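What you see is a predicted model; the values in this text were computed from it and never measured. Any value given below was found using the heavy atoms of this structure, including those in side chains, with hydrogens, waters and symmetry copies removed.
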Amino acid sequence: MSAMETVVRIAEDTEFDPNQVTPGWEGFAATGAMAVCIILLGFLLVRRLRRNAYRVEARERIAAELAEQEAAAAGTAAGAAAGSAATDAAGAAGAPGTPSVEPGSGRDSGPRA
């Protein structure tokens, strides 16, 4: 006789009592505690996902602002370089009214208005 036949014979001989197969208050408490934990984990997950999304948005805004500042600085530097080149060309041609600057003096040697 195999173990399976023994188990089947014992199962057929025993009477079914519905009070002994219910989980009782322990099973109810365990199921309730598990449900509360799952709900709490859901709230924590949503909070972390929102925080991460806000951080990504903030990083994108900062990157956009830095790109705008760099573009403005590059535009200002290009404009200053173009203006400087025009001033140098005018100064080399001896244009009247343009102050000449001696290297290292930090002062204008031209006429003051």
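Remark: L66 engages I62, Q69 in a side chain to side chain contact (heavy atoms under 4.5 Å, CB included) (not counting sequence neighbours). For R55, the side chain to side chain contact (heavy atoms under 4.5 Å, CB included) partners two or more places apart in sequence, or in a different chain, are R51.
In this structure, CD1 on I39 lies 12.0 Å from CG on L44, to the nearest 0.5 angstrom.
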